Amino acid sequence: MSILIDEKTRVLVQGITGRDGAFHAQAMKSYGTQVVGGVTPGKGGQSVEGIPVFDSVAEAARATGADASIIFVPAAFATDAMYEAADGGLKLVVCVAEGVPTLDMVRVLEYCRGRGTRVLGPNCPGAISPGKAKVGIMPAASFARGCVGVVSRSGTLTYEIAANTGDFGQSTVIGIGGDPVIGTSFLDCLELFNADPETRAIVLVGEIGGTDEERAADWVKRNCRKPVFGFIAGQTAPPGKRMGHAGAIISGGTGTAPEKIAAFEAAGIEVIYEPQELPGRLAAKL
Amino acid sequence: MSILIDEKTRVLVQGITGRDGAFHAQAMKSYGTQVVGGVTPGKGGQSVEGIPVFDSVAEAARATGADASIIFVPAAFATDAMYEAADGGLKLVVCVAEGVPTLDMVRVLEYCRGRGTRVLGPNCPGAISPGKAKVGIMPAASFARGCVGVVSRSGTLTYEIAANTGDFGQSTVIGIGGDPVIGTSFLDCLELFNADPETRAIVLVGEIGGTDEERAADWVKRNCRKPVFGFIAGQTAPPGKRMGHAGAIISGGTGTAPEKIAAFEAAGIEVIYEPQELPGRLAAKL
Amino acid sequence: MKVHEYQAKEIFEQAGIPVPREVVCATPAECAAAARAIGLPVVIKAQVLVGGRGKAGGVKRVEKQEQVEAAAGQILGMDIKGLRVEKVLVAECADIAKEYYVGIIVDRVGRKPVLMASAAGGVEIEQVARETPEKIVKVEIDPAAGLLGFQGRNVGMALFDGDAKLARSFAGIAARLYRVFASRDCSLIEINPLVRLGDGSLLALDAKVNFDDNALFRHPDNEAMRDRAAEEPKEVEAKEAGLSYIKLEGNVGCVVNGAGLAMATMDLIKRYGGEPANFLDVGGSSSPDKMVTAMRIILSDPNVKAILVNIFGGITRCDDIATGLLAAKKQADIRVPVVARLTGTNAEPARALLEGTDVTPAATMAEAVKKAVELAGGGK
Amino acid sequence: MKVHEYQAKEIFEQAGIPVPREVVCATPAECAAAARAIGLPVVIKAQVLVGGRGKAGGVKRVEKQEQVEAAAGQILGMDIKGLRVEKVLVAECADIAKEYYVGIIVDRVGRKPVLMASAAGGVEIEQVARETPEKIVKVEIDPAAGLLGFQGRNVGMALFDGDAKLARSFAGIAARLYRVFASRDCSLIEINPLVRLGDGSLLALDAKVNFDDNALFRHPDNEAMRDRAAEEPKEVEAKEAGLSYIKLEGNVGCVVNGAGLAMATMDLIKRYGGEPANFLDVGGSSSPDKMVTAMRIILSDPNVKAILVNIFGGITRCDDIATGLLAAKKQADIRVPVVARLTGTNAEPARALLEGTDVTPAATMAEAVKKAVELAGGGK
C-alpha cells in the first residue's frame with residue numbers, strides 16, 4: 001500500500017496541451033502512472049503522447065473513469081480548473097501552480113470539501129508512491145520504493161530529504177505546498193501514513209510560518225504509533241520577511257523555527273538538523 | 001407521533017420582544033409548546049411572558065437546549081436570523097416573514113443544508129401537531145388531534161382544509177410557504193408523513209406556479225402507501241399574474257392548475273374541488 | 001417587476017454584454033433621426049411589458065429612410081394586449097448567421113440559479129422545453145461560487161459544436177449575465193435571441209430582465225426603472241394599502257384573507273356558475289382601514305354585482321373585518337349586496353356586529369359562495 | 001504587500017469606516033497648514049512600513065500651532081528600522097474613552113477568514129493572543145455567506161459588555177472591514193486601536209491593510225498603492241527576473257532552487273559556523289539568464305566572501321545552472337570562490353561543464369556548505 005495514489009489511480013492532466021502539461025504527462029506516463037486522459041477546451045479529440053484529449057473534465061471523466069487530476073494551467077486559471085475537477089467528481093486534484101490568490105483557495109476548498117474532493121497544493125510538487133505512480137513534477141530517479149512516508153511543505157527540499165532515506169526507501173512522498181491556505185495538511189497526511197501498513201516511519205519536513213507543524217505534533221503525541229522524524233527549514237530566517245513561499249513568513253512572533261522544534265520535541269518527534277542525519281536515525285529506529 | 005414538531009420540541013422565538021413575536025410566543029406557550037427562550041440582541045436577561053430572553057441564538061441554545069426556532073423579524077432581517085439559527089445548531093427554523101428576496105433564500109438554504117438545519121418557509125404559517133405543539137401563527141382552535149397529515153403552500157386555506165378533516169383530526173399540519181424558493185417542499189413532508197405511524201391519510205394543498213405538486217405526485221405514485229388527497233387553488237387565475245404569493249404565478253405555460261390536477265390523477269391522488277368534500281372522501285378511505 | 005427591452009439593454013451595455021446600436025424613441029421624428037444616425041435598414045420595436053408584440057404588428061423592418069416616420073407612427077400609440085405603446089426602439093439590422101437562447105432563472109426544485117441555453121433561439125424557451133427538451137443545455141449555479149468559468153465554457157462548447165473561440169466568448173457573456181442576475185436580484189434574465197453574426201461575434205438582439213419584487217427595497221436602481229404608466233392604477237393603489245388586488249373579468253367581487261384562500265374562493269365561484277371579478281388578499285393583520293380601501297377598490301369596477309367576504313381569522317381578527325365592512329358601508333354608497341362568511345379568531349363578536357345590517361351572513365365557504373353567485377345574478 | 005497607514009485610511013474612508021480628520025504631509029510647512037485646518041492639539045505620525053514607530057519616536061502629540069513645524073521636522077527624514085520617513089500624517093486628537101482591537105486574517109488551519117476583536121486595543125494582537133487569549137473574541141467567516149450580521153453583532157456584544165447600540169455600530173464597521181478584505185484580496189486588515197470616543201461613537205484611529213501578493217494581478221488599485229521607495233532595490237530587481245531574493249547580514253552568498261531547500265541551506269551554513277548573506281530561490285524552470293542575474297545581485301553585496309550554489313534538479317536542469325554560472329563568471333569579475341553542488345536532473349552534463357573551471361565541486365549539501373563556510377573565512 002501507499003497513500004493518496006497508487007498503481008490504480010487514473011489520472012487526468014488538465015492543461016495537457018501546454019508546454020509543462022505535455023512534458024509532465026509524458027514523464028508521469030513513463031513512470032508507469034495511469035495517465036488516462038488530458039483536458040484542454042477546444043482540443044478534444046486530439047492526443048498528446050498517445051493520451052486522449054477532451055474538451056472538459058466531465059467528458060474526460062466519463063470516458064476514462066479517471067479519479068484524479070493534476071493541473072498545469074497558470075495560477076490565474078488554476079482555481080477554475082479545481083472547480084471543474086471537483087464538479088467532474090474527481091477524488092484527488094493536484095495543483096502545481098504557484099501564485100493562486102489565497103481567498104480563491106478559501107472558496108474553492110470549501111467547494112471541493114462539499115463534493116468530497118481532496119486538493120493537494122497549490123504551489124506543490126505533487127505526490128509520488130515510488131514504483132507505483134507519480135502525480136507530480138518530481139524527478140523520478142531521486143525516489144525509491146520503501147517504507148518511509150515523507151510529507152513536506154517544500155519541493156526540492158523534499159527531494160533532498162527523500163534521497164536521504166537511504167536503503168529504507170519511501171512508501172509515498174507528498175509535497176503539500178508552500179502557500180498559507182492549502183488543501184491537504186500535515187495532519188491529513190500523518191493520519192493516512194499512520195494507517196498505511198507499508199509505511200514504517202514518517203518524516204515531516206516543515207518550515208517557518210503558520211502552525212501546521214505544531215498541530216501535527218500534537219496529533220502525533222496523542223495518536224501516532226510509528227516513529228516520526230521532524231525537520232524545520234528557516235531557522236535563520238528573519239521575522240516579517242517572506243522566504244519565497246507565501247506561507248513561509250514569521251508574523252508577530254508565531255511560526256518561528258524554535259516554536260516548531262519545541263513542539264516536535266514535546267511530541268516525541270525526533271528532530272533532524274541535517275538531511276544526512278536521516279539514514280542513521282532511521283536505522284536506529286527501524 | 002407526528003412530524004417535524006411534537007411535545008418534546010424546544011422552541012426559541014427570534015424577535016420575541018417585537019409585537020408579533022411577543023403575541024405568538026404567548027399563544028404558542030399557552031398551546032403547550034415548549035417555548036424555552038427568546039432572542040433579541042440587547043434585551044438579554046429580560047423576560048417576555050415568563051420566557052427568558054437572550055442576546056443571541058448561540059447563548060439561548062446553550063442555556064435552554066433549544067432545537068427549533070420561529071422567526072418574527074421583518075423580511076429584510078429574516079435571512080440573518082436563519083443564518084444565526086443554523087449557526088447555533090438548531091435543527092428546525094420556521095420563518096413566517098413574507099417578502100424575503102429569493103436569492104437570499106438560495107444562499108441561506110445552502111448554508112442551512114450544510115449544517116443540517118431544516119427551514120420551514122419563508123412566508124408560511126408554520127406547523128402544528130394538534131394537542132402536542134404549535135410552532136406557527138395558526139389559530140389553535142381550528143385544529144384537532146387526529147390522523148390526517150396536511151401539507152399546504154397557503155395559510156388560511158390550510159386552516160380551511162384542516163377544519164374540513166372533520167372527526168378524523170390532524171396528525172400534523174404544515175404550511176410550507178408561498179414563495180418560489182422555500183426550505184421544505186411537499187415532497188419532504190410527504191416522505192415524513194408516509195413514515196409517520198400516526199398519519200393515516202395525507203392532504204396535499206397545492207396552488208398554481210412551479211412544479212412542486214407534480215414532483216410530489218410522482219413520488220406518491222412510486223412510494224406512498226397511504227391515501228392521498230389533493231387540492232389545487234388558482235384554477236381561475238390568469239397566466240402571468242402573481243396571485244398574492246410570489247410563487248403563485250403561471251409562467252410560460254407551466255404551473256397551471258390543469259397540469260397539476262392531471263399529475264394528481266395520474267398518481268392516484270384523489271382530487272378535491274371543494275374543501276367540504278373532504279370529510280366524505282376521508283370516510284370512504286379510512 | 002418587469003422592465004422594457006430598452007432598459008434591459010442599458011443594463012447589458014453597462015455590464016459589457018454586446019448589444020446592437022439602437023436608440024429608444026417616443027416620437028416618429030425621433031425615430032427618423034435615430035434611423036439616420038444608425039443607417040438603414042433598421043428595425044422598429046414596440047416597447048411593451050407583454051410578450052407577443054411581433055405577432056401584434058409591433059415590430060417592423062424598414063428599408064428606406066423616408067418610410068421610417070410612417071412605420072414608427074403605426075407602432076407608437078398602438079394597443080398591444082391592453083397596453084399602449086409609448087416608446088419604440090430603433091435598432092440596426094444585424095447580419096444574423098444563427099439565433100440562440102440564453103437565460104438564467106432560479107430553479108425552484110434545486111433551489112439554485114440555473115443557466116439555460118439552446119441553439120433554438122428566438123422561440124420561447126418553455127416551448128423548446130416542452131417540444132425538444134434535448135435541445136436545452138442547463139447548468140446549476142452554486143450560489144457561493146457563482147457561475148464558474150468552466151461551466152460557461154462547457155455550455156458554449158455544446159451550443160457551438162465544439163468551437164472553442166465562440167465557447168469562450170459565450171462564457172464571457174454568460175458570466176456577465178450572471179453578474180447582473182446576482183447583483184441586481186433578478187428573478188429572470190434572458191437573451192432571446194442571442195445571435196451569432198456573419199463575422200463570428202455574438203450579440204444580444206433582444207433582452208428580458210425581471211427583478212425580484214421582494215428585493216426592490218435594496219435596489220433603488222431597479223425601482224427607478226419602473227414604468228408606472230404600464231401598471232393597473234387600482235393594483236398600485238391596493239399595493240400601497242398593503243393589499244394584493246388583481247382585476248378579473250367577472251361580476252362577483254371577493255375580499256379574502258390569504259392568497260391561497262382567495263384563489264380557492266375564486267375557483268369556487270366559478271364552480272358554482274359565477275365569475276370572480278377580482279383576486280383580493282387583505283393580507284395578515286387587517287385593520288378596519290384596509291377593509292375600507294378594499295371595498296372602495298372593488299366597487300370602482302362597474303361589473304361587480306355582488307361582494308363576497310370570506311375570512312378565516314388567524315392573525316386577522318374577524319371583528320376588525322366586520323368593523324371595516326361597516327365603516328365602508330357608512331362611507332360609501334354600496335349599491336350591491338354583500339355576503340360575509342367570517343370564521344376563526346373573534347368570529348363571534350364579528351357576527352354580533354353584523355347582525356341587523358343588510359350584510360348576508362354565511363356559515364361556510366360553500367354557502368357564502370352560492371349566495372354571492374346567486375345575488376350577482378348567476379353566471380350571467 | 002503592505003501599504004501606509006494613510007493609504008489604509010483612504011480605503012477605510014471610501015468604505016464608510018469612520019476615521020479621524022487627518023492629512024498626509026511631506027514637509028513641515030504642509031504639516032503646519034494641516035494642523036491649522038484641523039485644530040490643535042494634533043498628533044503627527046511617521047508613515048513607515050514597519051511596526052514600532054511609536055517607540056522609535058515617530059509619533060508626537062503637539063499642543064501648540066507654533067510647535068508643529070519643529071515636531072514635524074524631527075519626524076520627517078527620521079530613520080526607523082532602516083526606513084526613511086518621507087511622509088507623516090497630521091491627525092486630530094480624538095477624545096478617547098477606550099481602545100479596542102479588530103482585525104481580519106485568513107486562518108490557515110480553518111482555511112477561512114476570521115474576524116478577531118479584543119478589548120485590549122493598542123497592543124499587538126499576537127501579544128494579547130500569547131498572554132491573555134481569553135480576551136480575544138473570534139468568529140470564523142463562511143466565505144460563501146460573508147461576515148453575517150449576527151456575527152458582527154455578537155462579537156460587538158462581547159466587546160462592549162452587552163451594549164446593543166455599540167454592538168450594532170461595531171457590526172457595521174466589521175461588515176465594511178470584511179467587504180474591503182474580500183473585495184480587495186487582503187491578507188490582513190486591522191484597526192488597532194479602534195476607539196470609543198467620549199460621545200459613544202467608534203473611530204478607526206490606526207489602520208493596517210496588507211494585500212495578497214498573489215492577487216495583485218487583478219487589483220491594479222492595490223498595485224498603485226505600492227511605495228517603491230520603501231523597497232530594497234535588489235529585491236525588486238530579483239523579483240522582476242523571476243527570482244526570490246532577501247538580503248541578510250552574513251558573508252556566504254547562496255543560490256538555491258526552491259524556497260525550502262534555500263532556507264535549509266541557510267540553516268546549514270549557520271550550523272557549520274557560517275552566516276548566510278542572503279536567501280535566494282532561482283525558482284522552477286531556471287534559464288541560464290536567471291543564473292547570471294542571481295550572481296550579479298549576490299555579488300553586489302560587498303560582505304559576500306564565498307558563493308554556494310546548491311541545486312537539486314527537478315524541473316530545473318543542472319546543466320542550465322552550470323551554463324548560467326559560467327556565463328556569469330565570464331560577464332562579471334567574480335572575485336570570490338564559488339562552491340557548486342548540482343544533483344538531480346542533468347547533473348552529469350553539469351559536472352562535465354564545470355570540470356576544469358575554478359568552481360569547487362561538492363557531492364552533498366553538507367560537503368558544499370562546509371567548503372563554502374571555510375572559503376568565506378569561517379564564521380568570522
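Since the structure is predicted, the reported quantities are computational estimates derived from the model, not experimental observations.
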Exercise. Measure across Met243(B) and Ala259(C) and return the closest heavy-atom pair with its distance rounded to 0.1 Å.
Key: O-CB, 3.5 Å
Self-check item: Residue part contacting chain C, namely of Val100(B), when any heavy atom lies under 4.5 Å
Solution: backbone
Self-check item: Audit row: Glu275(C), Thr236(B), side-chain contact (heavy atoms from CB on, under 4.5 Å) steps and yes/no
Solution: CA-CA 9 Å; Glu275(C) 282 291 344; Thr236(B) 46; 5.8 Å; no
Quiz item: Any idea which of Thr345(C), Leu280(C), Leu268(C) has the most non-hydrogen atom pairs under 4.5 angstrom with chain B?
Solution: Leu268(C)
Quiz item: So which of Arg113(B), Arg215(B), Arg153(B), Glu274(B) has the biggest tally of heavy-atom pairs under 4.5 Å with chain C?
Solution: Glu274(B)
Quiz item: How many angstroms lie between OG1 in Thr265(C) and CG in Leu157(B), if you round to the nearest 0.5 Å?
Solution: 8.0 Å
Exercise. Identify whether the distance between the nearest side-chain nitrogen and carboxylate oxygen of Arg218(C) and Asp104(B) falls below 4.0 Å.
Key: yes
Quiz item: Where does Ala163(B) contact chain C at under 4.5 Å (heavy atoms): side chain, backbone, both or neither?
Solution: side chain
Quiz item: Counting heavy atoms not belonging to Lys135(C), are there more than 12 under 6.0 Å from its NZ?
Solution: no
Self-check item: chain C interface, residue from Glu160(B), His245(B), Arg242(B) that has the most non-hydrogen pairs under 4.5 Å
Solution: Glu160(B)
Quiz prompt | Those residues of residues 133-144 of chain B, ordered by number, that approach chain C below 4.5 Å (heavy atom to heavy atom) | solution = Ile137(B), Pro139(B), Ser142(B)
Quiz prompt | Under 4.5 Å from any heavy atom of chain C - which part of Leu187(B) | solution = neither
Quiz item: With a 4.5 angstrom heavy-atom cut-off, which part of Phe181(C) approaches chain B: side chain, backbone, both or neither?
Solution: both
Practice problem: Starting at CG of Asp142(C), measure out to CZ of Arg107(B) and round the result to the nearest 0.5 Å. | Solution: 11.0 Å
Quiz item: Highest number of heavy-atom pairs under 4.5 Å with chain B: which of Ile246(C), Asp281(C), Leu188(C), Val106(C)?
Solution: Ile246(C)
Quiz item: Does atom CZ of Phe23(B) have more than 12 heavy-atom neighbours, drawn from other residues, nucleotides or ligands, at distances under 6.0 Å?
Solution: no
Quiz item: Just by distance, do the side chain of Asp212(C) and the backbone of Thr102(B) share a donor-acceptor pair under 3.5 Å?
Solution: yes
Quiz prompt | Heavy-atom closest contact (Ala233(B) atom, Ala264(C) atom, distance) | solution = CB-N, 4.0 Å
Quiz prompt | Enclosure of Glu223(C) CD (heavy-atom neighbours >12, cutoff 6.0 Å) | solution = yes
Practice problem: Search all heavy atoms of Glu207(B) against all heavy atoms of Gly260(C) and return the closest pair with its distance. | Solution: OE1-CA, 3.8 Å
Exercise. Using a 4.5 Å cut-off on heavy atoms from C-beta on, say whether the side chain of Leu248(C) contacts that of Pro238(B).
Key: yes
Practice problem: With a 4.5 angstrom heavy-atom cut-off, could you sort out which part of Leu243(C) is near chain B: side chain, backbone, both or neither? | Solution: neither
Quiz item: Does any heavy atom of chain C fall under 4.5 Å from the side chain of Ile182(B), the backbone, both, or neither of them?
Solution: backbone
Practice problem: With rounding to the nearest 0.5 Å, note down the distance linking OH in Tyr159(B) to OG1 in Thr343(C). | Solution: 12.5 Å
Quiz item: So does Asp221(C) have more than 12 non-hydrogen atoms from other groups sitting under 6.0 Å from CG?
Solution: yes
Quiz item: Between Thr156(B) (side chain) and Phe312(C) (backbone), is there a donor-acceptor pair under 3.5 Å?
Solution: no
Exercise. May I have the step-by-step check of salt bridge (charged side-chain N to carboxylate O under 4.0 Å, His left out) for Glu110(B) and Arg111(C), ending in yes or no?
Key: CA-CA 8 Å; Glu110(B) 187 73 3; Arg111(C) 294 160 185 155; over 6 Å; no
Quiz item: With distance as the sole test, does Arg108(C) use its side chain to make a donor-acceptor pair with the main-chain N or O of Asp179(B) at under 3.5 Å?
Solution: no
Quiz prompt | Closest approach of Asn214(C) to Pro101(B) (non-hydrogen atoms, all atoms of both residues) | solution = O-CG, 3.6 Å
Quiz item: Looking at Pro275(B), Gly247(B), Pro125(B), which makes the most heavy-atom pairs under 4.5 Å with chain C?
Solution: Gly247(B)
Quiz item: Are the charged groups of Lys241(B) and Glu235(C) less than 4.0 angstrom apart, N to O?
Solution: yes
Practice problem: Answer with side chain, backbone, both or neither: which region of Glu214(B) has an atom nearer than 4.5 Å to a non-hydrogen atom of chain C? | Solution: neither
Quiz item: So which heavy atom on Cys186(C) is nearest to which on Leu103(B), and how close?
Solution: O-CD1, 4.4 Å
Exercise. Step by step, work out the side-chain contact (heavy atoms from CB on, under 4.5 Å) result for Ile208(B) and Met263(C).
Key: CA-CA 9 Å; Ile208(B) 51 159; Met263(C) 284 190 279; 3.8 Å; yes
Quiz item: Contact part of Asp185(C) toward chain B, heavy-atom cut-off under 4.5 Å: side chain, backbone, both or neither?
Solution: both
Quiz item: Gln276(B) and Ala366(C): which non-hydrogen atoms are nearest, and at how many Å?
Solution: OE1-CB, 3.1 Å
Practice problem: Answer with side chain, backbone, both or neither: which region of Phe231(B) has an atom nearer than 4.5 Å to a non-hydrogen atom of chain C? | Solution: side chain
